Amino acid sequence: MENAEGRGRELPKAYDPAAIEDRWAEYWVRERLFEVKTPDEAALAGLRSEGHDVFTILLPPPNVTGRLHMGHMLNQTEMDILTRWRRMRGDLALWLPGTDHAGIATQMMVERQLAEEGKTRQDLGREAFVERVWEWRRHYGGAILDQMKRLGASVDWSREYFTMDEHLSVAVREAFVRLYEQGLIYRGAYIVNWCPRCQTAISDLEVTHEEQQGKLWEIRYPVVGADGEFVTVATTRPETMLGDVAVAVHPLDERYQKYLGKKLRLPLTDREIPVIADEWVKSDFGTGAVKVTPAHDPNDFEIGKRHGMPAIDVMDETAHMNAEAGIYAGLDRYAARKRVLEDLEAQGLLGTVREHVNAIGKCDRCKTVVEPRLSTQWFVAVNKEPKTGGASMAELARRAVRDGHIRITPEQYSKVYLEWMDNIYDWCISRQLWWGHRIPAWHCGTCKQITVAREDPDKCAHCGSVEIRQETDVLDTWFSSGLLPVSVFGWPQPARDFDVFYPTQLLVTGFDILFFWVARMIMLGCWFSKDVPLEDGSKREAKDAVPFREVYIHALVRDAERQKMSKTKGNVIDPIEIVKRYGTDAVRFTLASMASPGTDIAFSEARTEGYRAFANKIWNAARFIFMNVEKAREAGIEVDRAVLGGMPPVARDAPIEARWIVARLNSQAAEVNGALGEYRFHEAANTVYQFFWGDFCDWYLEIVKLRLDFSKGADKAAAKAALTTLVQTFEAALRLLSPFMPFLTEELWHAVYEGEPPAKSIALTPYPVTGLGGQQHSGAKLLYSHVGGHAVAWTLTEMENLQRVVTAIRRLRKERSVPEKEQIRAHLYSATQSPVVGIVKHREILGSLARVSWIDVSATPLSGPNVRAEPDFDVAIDYEPVIDMAAERERLTKEMARLEKAAASAEKQLGNPAFLGKAPAQIVEGLKKQAAETRMLMEKTRQALEYLGSQVSSGAEAPNY
RNA sequence: GGGCGGUUAGCUCAGCCGGUUAGAGCGCCUGCCUUACAAGCAGGAGGUCGCAGGUUCGAGCCCUGCACUGCCCA
């Protein structure tokens, strides 16, 4: 722990995050603080008997090619806060990190590298290329996790995984084979989304739709044997006409009855195609006649199948026209479109051209326009019941959420999820890539059948032929990441890890991968884990088959102008960059304080600056405290470190600020714990902020200064008690803050213990929980022997009164331009004899905070120029009035207007019999009290205005004519 | 086209079960270098809660419509 210890006098004046963060980040990893050993039965039982549990959370694995962005940082900050919190609360908290092999992205990255050397992957060949990718991964694949380490993520690095690791690949293969055996994986020729740039099929989810202004062309198809007659079709993709096999009309469309069964001449080709009738055709769209191109459109494919038509593929895998396209062969699809249109025009077969907005699909990864393409792919039949009986994968996944076994926050996403699941199609899982899990299927060259096997076969399972070769396609990356919740814990092998850590507790992720990943994990997790018995050998019920019990969907991080961050816009904020400038803690705190469930985050540096100031504030509070610890030591007073670490006990007769700050610590700790339990990060963060700055620094520290007199002749016992509460409260407050600001709190916490901490890290100490302070110290009469006692309420009220009087006097001083440092005399009056007047006994505090040298309680109402009226008391100061008459009149007039409005509204309500009859008594009482206060304030304000008027008329401030 | 959000102070956002006079940070104005902190302290100004109806004793919150805006799906 070199350099960890720090004495107050050694701390620099301003907090410099850069000076400490790297050191602690390394320390946490080096000391293996967050590694979790799989507990044996006894350990687990012990944990549970103490009311704790296992808390498992999976890191959504970033792509190996990835660089950390703000979304990651938000995601990780939230997970880290929750994990640190649960760990400090006593749970066995396991946060499991890893990376995703990210098929397309990684392959693209390495191909780009090769291109710079003037090579293609084909030049290398599959094996060498894959080896090259592995090499790339060994070199650069750890970058994003290194960034994570720098951010202080409290993950268990000993369990780090990579989705292509040996044991995870075994799970992928097992899953594929099992689904195949259950009849849930099939291979077939279908229209898929094809990316001509990536040259692979992609799933429906990987296609993003964009509205685009395009054109709708009408093309005339001559009717064979009826000179001069045409059937006109409308299309947005004219080049595909070369693959037309028919023209379809609605069977009831009268316009086309006469052509049914007739042949049309397909322009630009020498083919003739029939006119067919199909219910799917919408008569009111376009001309009511549609071209049927089964190889290039999913709907046409269905029509073609219904009518037993062939599919003519006119494009190759790069979206260039192929030999089927005749003279257009070799042209790119758009060049072909242009030529086709020109030629149609020349032949007089082009009809009306209309502007048309259509949604075009683009490849999620490279933004290339996707081409619907007929090809042979592998699919998971998610809606099909397995041969062995039971519900389909989608159905199980639906039930998991519908039956509440998985709770999604914010709740609205449950609905989104269920609707998607209700409309889910079969999942295309094959990709024409080289990097990924190769599909464990072998094609027989002899009998043409397929062998799917767990172990690489050497002959065909059907005919025994050795002429077999493995499928060249690999699996969709999401197939392997969808298995993670089961595979990371050892599935399909029986494993203690699985027994202990599955289901995981929570998944924290963004909405963007709800379908990609979350839904797939639910499908695959429920599916495979249901066959794994529980620890005690009993059957696993649905509620324990889920991959996680809760899902928290977080917001999107946008820039300060609410724009989505994107490379093209150039508004991407690099977390590492901003962390360097403000410190990790400040950035984490910014994200946490804005992370309100369901709302996007507009990241603003102004906020981060504010939280850097907050860190500095705490740093300086620490300097102040350490300075006093030193002073006390010189006077022979030591704070016993053994009393640190819990909630501070405080005696009933302790000074007000001590009783108050402990009461606040307890109530704010309760708030923070409650907020974190409901993922209300912003509320938790704001509560800690308010407590530390508003309560601890602004009020408590200012008052406690009065008690820290260690000079000769001072009350040493009182000073020691004050110092002890101060250090105890600060130490507890650091623990309260530490999940949010782990670096700063770690540094200061070690400094509190002066290099002899009771644990290796603040992260391994107990989190402050309300009401535990009292029991630890028997004997003395303690304020906090139980929560919410009368003494606590009284302390809070007394302090609040003190604060209100101090603030009122400060305000009055400002209004009357009393110099900041000048001590003055003050008077307090309360007509209602409220407990407010009791605060005059705190003369020292008033002297220090309000610069009041003397204060008394007046028996009669206060009057004159230097009075300030509050609802339940008045204060006055003795000071030669320097009144800005105009400003004062404006203030009072405004005040009067506000009061009149309030009074009118209150009277209206109180005059309403229905209100009096129906509203709860407590509301009515409250309103009456408030109305009375308003009336009193109005009266006082009226008097003050009158007084002002008299001053003017008597000439005190009258202008000289 | 269908669905789901959002619209509250100059800016970014809170506002929980409908309940008394709607909050915070930043920014702004004023005064202070009060030996923990000027990345600070103290005080202040600033809001018809998008618009129009409705329900209710009572609406920022519930309902209906509209406007603007964002997202998802087709």
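Just so you know, these numbers come straight off a predicted model, no measurement behind them. Convention: sequence-line order gives letters A, B, ...; per-chain numbering from 1.
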> So what's B:U56 paired with, Watson-Crick or G-U wobble, going by both distances under 3.5 Å?
Replying inline: none
>> Please report the interatomic distance CG(A:Leu708) to CD1(A:Ile625), rounded to the nearest 0.5 Å.
In response: 9.5 Å
> What integer number of Å spans the P atoms of B:A74 and B:G6?
Replying inline: 23 Å
>> Is the shortest side-chain heavy-atom distance between A:Ile824 and A:Arg813 below 4.5 Å?
In response: yes
> Under 4.0 Å: is that the gap between some side-chain N or O of A:Trp699 and OP1 or OP2 of B:A42?
Replying inline: no
>> For B:C4 and A:Lys415 - does any side-chain N or O of the residue sit under 4.0 Å from the phosphate oxygens OP1/OP2?
In response: yes
> Between B:A36, B:C26, B:C32, which nucleotide gets closest to the side-chain atoms of A:Glu820?
Replying inline: B:C32
> Mind telling me whether B:C17 is syn or anti, cutoff 90° either side of 0?
Replying inline: syn
> Is A:Lys617 close enough and on-axis enough to A:Phe696, meaning under 6.0 Å and within 45°, for cation-pi?
Replying inline: no
> In the structure shown, which nucleotide is the Watson-Crick or G-U wobble counterpart of B:G18, with both distances under 3.5 Å?
Replying inline: none
>> Work out how far the C1' atom of B:C17 is from that of B:A59, and round it to whole angstrom.
In response: 14 Å
> Is it true that the side chains of A:Tyr582 and A:Glu605 contain a donor and an acceptor less than 3.5 Å apart?
Replying inline: yes
>> Rounded to whole Å, please give me the gap between CZ in A:Arg816 and C1' in B:C32.
In response: 20 Å
>> Using atom P in both nucleotides, what's the gap between B:C33 and B:A14 to the nearest angstrom?
In response: 39 Å
>> If you take the centroid of each ring, where Trp contributes its six-membered ring, are A:Tyr611 and A:Phe740 closer together than 6.0 Å?
In response: no
> What's the NZ-P distance between A:Lys821 and B:A42, to the nearest Å?
Replying inline: 17 Å
> So, A:Thr584 and A:Glu21: side-chain donor and acceptor under 3.5 Å apart, yes or no?
Replying inline: yes
> Would you call the rings of A:Phe626 and A:Phe730 parallel, tilted or perpendicular, where under 30° means parallel and over 60° means perpendicular?
Replying inline: perpendicular
>> Under 4.0 Å, heavy atoms only, any strand: does A:Thr807 hit a base, just the sugar-phosphate, or nothing?
In response: sugar-phosphate
>> Work out how far the P atom of B:A45 is from that of B:C4, and round it to whole angstrom.
In response: 43 Å
> Could you state the CH2-P distance from A:Trp693 to B:A42, rounded to the nearest angstrom?
Replying inline: 10 Å
>> Just to be sure I understand the rule, does A:Tyr15 reach a base, reach only the sugar-phosphate, or reach nothing, if contact means heavy atoms closer than 4.0 Å?
In response: base
> B:A39, B:G19, B:A36: which one has an atom nearest the side-chain heavy atoms of A:Pro920?
Replying inline: B:G19
> Does the side chain of A:Arg607 get closer than 4.0 angstrom to OP1 or OP2 of B:C13 through an N or O atom?
Replying inline: no
>> In whole Å, I'd like the distance from the CG atom of A:Asp698 to the C1' atom of B:C37.
In response: 11 Å
> Contact class for A:Ala621 (heavy atom, under 4.0 Å): base, sugar-phosphate, or nothing?
Replying inline: base
> What about A:Glu702: does its side chain form a donor-acceptor pair under 3.5 Å with the base of B:A36?
Replying inline: yes
> Side chains of A:Thr77 and A:Phe681: closer than 4.5 Å at any heavy-atom pair?
Replying inline: no
> Which of these nucleotides, B:U21, B:C37, B:C26, is closest to any side-chain atom of A:Asn620?
Replying inline: B:C37
> Does A:Lys814 put a side-chain nitrogen or oxygen below 4.0 Å from OP1 or OP2 of B:U30?
Replying inline: no
>> My understanding is that a pair needs two contacts under 3.5 Å, Watson-Crick or G-U wobble. By that rule, which nucleotide pairs with B:G31?
In response: B:C41
> Touch check for A:Leu701, heavy atoms < 4.0 angstrom, all strands: base, sugar-phosphate only, or nothing?
Replying inline: base
> Are OP1 or OP2 of B:C37 and a side-chain N or O of A:Lys13 less than 4.0 angstrom apart?
Replying inline: yes
>> Is there a side-chain contact between A:Arg810 and the phosphate of B:G43, meaning an N or O under 4.0 Å from OP1 or OP2?
In response: yes
> If each of A:Asp16 and A:Trp420 is mapped to the nucleotide of RNA chain B with the nearest heavy atom, which maps nearer the 5' terminus, i.e. the 5' end?
Replying inline: A:Asp16
> Between B:G15 and B:G60, how far is it from one C1' atom to the other, in whole Å?
Replying inline: 8 Å
> Between A:Ile625 and A:Leu899, which has a closest nucleotide on RNA chain B that is more 5'?
Replying inline: A:Leu899
> B:C28 and B:U34: how far apart are their C1' atoms, nearest whole angstrom?
Replying inline: 25 Å
> What is the distance, rounded to the nearest whole Å, between atom CZ of A:Phe691 and atom C1' of B:A24?
Replying inline: 18 Å
> Within less than 4.0 Å of OP1 or OP2 of B:G40, is there a side-chain N or O belonging to A:Arg612?
Replying inline: no
> Expressed in angstrom and rounded to an integer, what is the separation of A:Arg851 atom CZ from B:A42 atom C1'?
Replying inline: 11 Å
> CZ of A:Phe626 versus P of B:C37: gap in Å, rounded?
Replying inline: 15 Å
> In the strands shown, is B:C26 matched to any nucleotide by a Watson-Crick or G-U wobble pair with both distances under 3.5 Å, and which?
Replying inline: B:G10
> At under 4.0 Å between heavy atoms, what does A:Asn686 touch on the DNA or RNA strands: base, sugar-phosphate, or nothing?
Replying inline: nothing
> Taking atom C1' in both B:C26 and B:G65, what distance in whole Å separates the two?
Replying inline: 37 Å
> From the list B:G44, B:U21, B:C41, which nucleotide is the closest neighbour of the side chain of A:Thr934?
Replying inline: B:U21
> Who is the Watson-Crick or G-U wobble partner of B:U48, with both distances under 3.5 Å?
Replying inline: none
> For B:C4, which nucleotide in any strand shown is its Watson-Crick or wobble partner with both distances under 3.5 Å?
Replying inline: B:G70
> Between A:Trp619 and A:Pro12, is there a donor-acceptor pair closer than 3.5 Å when you use the side chain of the first and the backbone of the second?
Replying inline: yes
>> Expressed as a whole number of angstroms, how long is the span from A:Phe589:CZ to B:C26:P?
In response: 13 Å
>> Need one value for A:Pro913: base, sugar-phosphate or nothing, where a base atom within 4.0 Å counts as base even if backbone is also close, heavy atoms only.
In response: nothing
> How far, in whole Å, is B:C68 from B:C51 if one measures between their C1' atoms?
Replying inline: 10 Å
